[in-house]
Engineer: 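Okay, handing you the structure first.
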Amino acid sequence: MKSFLFLCSLLFALQANQTSAQTLAKVSSGRLERISNFPSKFVDARHVEVWLPDGYPDGKPYKVLYMHDGQMLFDASTTWNKQAWNVDASLADLIAKKVVANTIIVGIWNNGKYRHSEYFPQKFLTTVGEPLRSQFIKDYLQNKPQSDNYLKFIVRELKPYIDQHYATRPEKEHTAMMGSSMGGMISVYAMNEYPDVFGSVAGVSVAWISMGKPNFELPLAAFNYLQRHLASPEDHKLYMDHGTTEMDQWYGTYQQFVDEIVRDKGYTSANWRSMQFEKTGHNENDWAKRVAIPLQFLLSTNKPQ
């Protein structure tokens with residue numbers, strides 16, 4: 001049976017699409033451009049919003065940060081829960097202080113009821129046993145696992161468009177990705193599936209349990225995948241975190257296993273962070289308070305040692 005928490009998250013995703021479909025978010029600095037109903041042969045069309053910092057363009061190419069759940073990034077007045085990451089304000093401040101390089105944000109809207117099926121790493125399913133595998137696909141993935149197609153949409157369609165229409169640095173060392181919860185999962189997956197495209201990724205409140213209740217088989221599938229496919233530490237950066245309240249209260253145990261795998265693969269403090277934030281939960285307000293930390297880690301001009 002689907003958990004109450006998952007049903008709530010599904011309702012919230014649907015509400016986000018319905019209430020903010022036509023409303024362009026307001027930003028505290030820079031400007032926001034919407035690419036309406038960006039078409040794809042891999043997944044359903046959806047809005048994509050591009051945040052450009054003050055001064056863009058200034059004659060120099062920019063780093064690019066791709067972010068999931070684009071409805072929730074900029075303006076709390078347009079979101080279902082009246083919360084937002086306020087990522088434009090945090091990144092603008094870091095750019096002004098010259099802590100990070102000039103960067104644009106590409107906010108990719110989630111796909112409502114298909115959010116889970118686009119964000120759950122598809123190759124994890126190969127080591128999930130029955131009957132959980134079939135039940136999970138039915139109840140959580142709408143009988144339609146499609147994260148591999150979602151990443152094809154980003155890599156083969158969206159990124160080429162962004163690189164063609166904006167002043168970007170297209171190389172992997174200048175291309176980052178970040179998301180929260182299931183968005184964190186797909187971000188980590190993206191770096192491992194496309195190590196030549198994404199040089200750094202951040203998973204905020206990474207939902208290793210992949211459903212609204214603690215379990216071990218789905219996290220074990222993630223561990224097995226990471227053990228075999230984790231991108232090289234020589235030219236990648238990886239950031240992960242979690243809180244200690246709300247759904248995040250369950251995440252620490254699983255993150256410890258992930259940390260052991262990452263450490264064994266050769267990641268060090270030069271290119272890897274795994275952080276716990278006490279008394280913080282699974283919501284945009286808490287993510288907004290700490291988003292400057294992964295932003296600085298991903299977008300710093302310092303190269304991994």
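Because the structure is predicted, anything quoted here is derived from the model rather than measured. Just the heavy atoms: all of them, side chains too, but no hydrogens, waters or symmetry mates, feed the values below.
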Engineer: Determine yes or no for a side-chain-to-main-chain donor-acceptor pair under 3.5 angstrom, with N192 supplying the side chain and V188 the backbone.
Structural biologist: yes
Engineer: Decide yes or no on side chain to side chain donor-acceptor pair (under 3.5 Å) for D248 and H282, but give the supporting numbers first.
Structural biologist: CA-CA 6 Å; D248 277 32; H282 199 86; 2.6 Å; yes
Engineer: Using the ring of F297 (Phe, Tyr or Trp, six-membered ring only), decide whether K237 places NZ or CZ under 6.0 Å from its centre and within 45 degrees of its axis.
Structural biologist: yes
Engineer: Y56 vs Y62 aromatic rings, parallel, tilted or perpendicular, using cut-offs 30° and 60°?
Structural biologist: perpendicular
Engineer: Would Y189 and D148 count as a side chain to side chain donor-acceptor pair (under 3.5 Å) here? Give the steps.
Structural biologist: CA-CA 10 Å; Y189 187 57; D148 288 348; 2.7 Å; yes
Engineer: With a 4.0 Å cut-off on N to O distance, would you call D163 and K159 a salt bridge?
Structural biologist: yes
Engineer: State the CG-CD1 distance between L151 and I186, to the nearest 0.5 angstrom.
Structural biologist: 4.0 Å
Engineer: Which atom pair, heavy atoms only, marks the closest approach of Y239 to M275?
Structural biologist: CE1-SD, 3.7 Å
Engineer: Measuring only between side-chain heavy atoms, which start at C-beta, is M177 closer than 4.5 Å to H68?
Structural biologist: yes
Engineer: Which is it for N81 and N283 under the side chain to side chain donor-acceptor pair (under 3.5 Å) test, yes or no, and what are the steps along the way?
Structural biologist: CA-CA 9 Å; N81 62 356; N283 60 80; over 6 Å; no
Engineer: Show your working on side-chain contact (heavy atoms from CB on, under 4.5 Å) between W51 and S29 and close with a plain yes or no.
Structural biologist: CA-CA 9 Å; W51 178 78; S29 65; 4.0 Å; yes
Engineer: According to the interplanar angle, ranging from 0 to 90°, do the rings of Y161 and H165 count as parallel (below 30°), tilted (30 to 60°) or perpendicular (above 60°)?
Structural biologist: parallel
Engineer: Counting only heavy atoms from other residues, nucleotides and ligands, does the tally under 6.0 Å from NZ of K60 exceed 12?
Structural biologist: no
Engineer: Within 45° of the six-membered ring axis of F153 and under 6.0 Å from that ring's centre, is NZ or CZ of R46 located there?
Structural biologist: yes
Engineer: Classify the ring geometry of Y140 against F136: parallel below 30°, tilted from 30° to 60°, perpendicular beyond 60°.
Structural biologist: parallel
